[in-house]
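Take a look at the structure below.
Each chain gets a letter, A, B and so on, in the order the sequences are listed, and its residues count up from 1.
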There are 2 protein chains.
Amino acid sequence: MIIRLDMQSDVPIYTQLMNQIIEGIASKQLAPGEYLPSVRSLASDIGVNLHTVNKAYTLLKQEGFIQIHRQKGVVVNPDGMPGITPDYQHKQEAQLRPVIAEAICRGMDKAELLRIVESFYDDITQEPKENA
Amino acid sequence: MIIRLDMQSDVPIYTQLMNQIIEGIASKQLAPGEYLPSVRSLASDIGVNLHTVNKAYTLLKQEGFIQIHRQKGVVVNPDGMPGITPDYQHKQEAQLRPVIAEAICRGMDKAELLRIVESFYDDITQEPKENA
DNA sequence: ATATCTGTTATACAACAAATATAACAGTTG
DNA sequence: CAACTGTTATATTTGTTGTATAACAGATAT
């Protein structure tokens with residue numbers, strides 16, 4: 001999977017990494033059971049420090065997306081993804097409400113917003129588009 | 001309008017302030033032309049520093065949600081809200097994609113996600129529920 | 001067994017962001 | 001003139017982000 005980082009972004013690198021790995025899983029470019037690069041090799045590939053990758057991996061492990069087998073490597077959770085927990089629902093609401101509120105302010109009607117969400121949903125689930 | 005801050009949150013206070021003001025406008029609890037408290041009085045009310053409120057106001061001004069009249073006060077933009085600019089669309093995509101990708105990972109199907117977005121949309125547009 | 005690969009931990013450092021604390025300035029309004 | 005606006009400046013504290021090294025401990029391949 002190709003990782004694209006924007007070093008100019010105000011989004012932390014470890015967050016960009018987490019987001020791209022999660023989208024990779026959502027788009028089935030990364031399948032459960034599939035191994036991810038080691039912290040050192042990924043860090044080297046994308047030109048960041050080992051600890052930055054390790055932070056992303058550790059947080060993804062805490063949320064249940066990946067498993068880390070000591071001395072063996074990092075693998076997309078073969079037991080499946082975490083489900084819709086109450087904690088997750090609260091986090092999702094905290095993320096969605098501000099986005100929806102701003103859309104409303106700017107005059108976006110409900111149908112248009114739903115159309116946009118749907119198109120992103122389709123776009124993610126219809127990857128892989130690895131080759132361009 | 002009632003402002004609720006979570007001092008334990010990892011979301012910066014000035015961001016929480018911006019979000020709540022934007023949701024206040026979206027829900028029509030704050031109407032265009034309506035005056036907001038001065039930086040000093042709001043800061044005093046919610047128990048934060050003057051500069052924290054000023055940062056939120058300044059950013060809201062930059063995005064076009066409010067106007068700041070020197071020596072007169074802060075007012076919800078009476079010329080209307082900013083529209084759907086390309087910059088905004090990019091920001092919105094950057095905010096939405098990670099949320100949608102995680103929802104997909106966790107097994108939320110498209111209909112359920114759309115239902116959630118719709119319910120938040122309705123919830124925001126059907127405030128004010130000031131009295132509980 | 002020895003070298004090499006894992007993740008893990010620890011420490012130190014630089015740069016930056018967030019928030020506070022004071023203070024002062026410059027216009028507006030009562 | 002006093003009191004209120006937003007604005008600007010400076011300083012300090014605290015926490016986050018990211019880098020840099022280094023070492024540890026277990027697994028694996030030669």
A/M1 reachable from A/I46 in the ILVMFWY side-chain graph, under 4.5 Å edges:
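Yes, A/I46 and A/M1 fall within the same hydrophobic cluster.
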Is A/L114 linked to A/L96 within one hydrophobic cluster, defined over Ile, Leu, Val, Met, Phe, Trp and Tyr using a side-chain heavy-atom separation of less than 4.5 Å?
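A/L114 and A/L96: one cluster.
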Do A/Q92 and A/H90 have a side chain donor and acceptor closer than 3.5 Å?
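No, A/H90 and A/Q92 have no side-chain donor paired with an acceptor closer than 3.5 Å.
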A/L50 vs B/P37, nearer the 5' end of DNA chain D by closest nucleotide
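Result of the comparison: B/P37.
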[X] [atom1] - [N] [atom2] separation (whole Å):
| X | N | atom1 | atom2 | value |
| --- | --- | --- | --- | --- |
| A/M7 | D/dG18 | CE | C1' | 9 Å |
| A/I66 | C/dG7 | CD1 | P | 10 Å |
| B/I13 | C/dT20 | CD1 | C1' | 10 Å |
| A/L60 | C/dG7 | CG | P | 13 Å |
| A/N49 | D/dA22 | CG | P | 13 Å |
| A/K72 | D/dA29 | NZ | C1' | 14 Å |
| A/L17 | D/dT17 | CG | P | 13 Å |
| A/Q67 | C/dT6 | CD | C1' | 16 Å |

For B/R40, enumerate each residue passing the side chain to side chain contact (heavy atoms under 4.5 Å, CB included) test, keeping only those at least two apart in sequence or located in another chain.
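With neighbours one apart ignored, the set is B/S38, B/L50.
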Close approaches to DNA chain D from residues 38-46 of chain B, in residue order (heavy atom, under 4.0 Å)
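B/S38, B/V39, B/R40, in order of number.
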Between D/dT7, C/dA18, D/dT17, which nucleotide gets closest to the side-chain atoms of B/P12?
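Looking only at heavy atoms from C-beta outward on B/P12, the closest nucleotide is C/dA18.
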If only side-chain N and O atoms of [X] are considered, is one of them under 4.0 Å from the OP1 or OP2 phosphate oxygen of [N]?
| X | N | answer |
| --- | --- | --- |
| A/K55 | D/dT17 | yes |
| A/N54 | C/dG7 | no |
| B/Y14 | C/dA19 | no |

Can you give me the closest heavy-atom contact between B/I124 and B/A26, atom names plus distance?
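Reported closest heavy-atom pair: CG2-CB, 3.8 Å.
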Which heavy atom in A/T52 sits nearest to a heavy atom in A/Y14, and how many Å separate them?
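So the minimum-distance heavy-atom pair works out to O-CB, 3.7 Å.
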Please walk me through it: do A/E102 and B/N19 pass side-chain hydrogen bond (donor to acceptor under 3.5 Å, both in side chains)?
CA-CA 8 Å; A/E102 178 164 0; B/N19 287 342; over 6 Å; no
Taking atom types as they are modelled, would you say the side chain of A/H51 forms a donor-acceptor pair with the base of D/dT21 within the 3.5 Å cutoff?
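When only heavy-atom distances are counted, A/H51 does reach the base of D/dT21 through a donor-acceptor pair under 3.5 Å.
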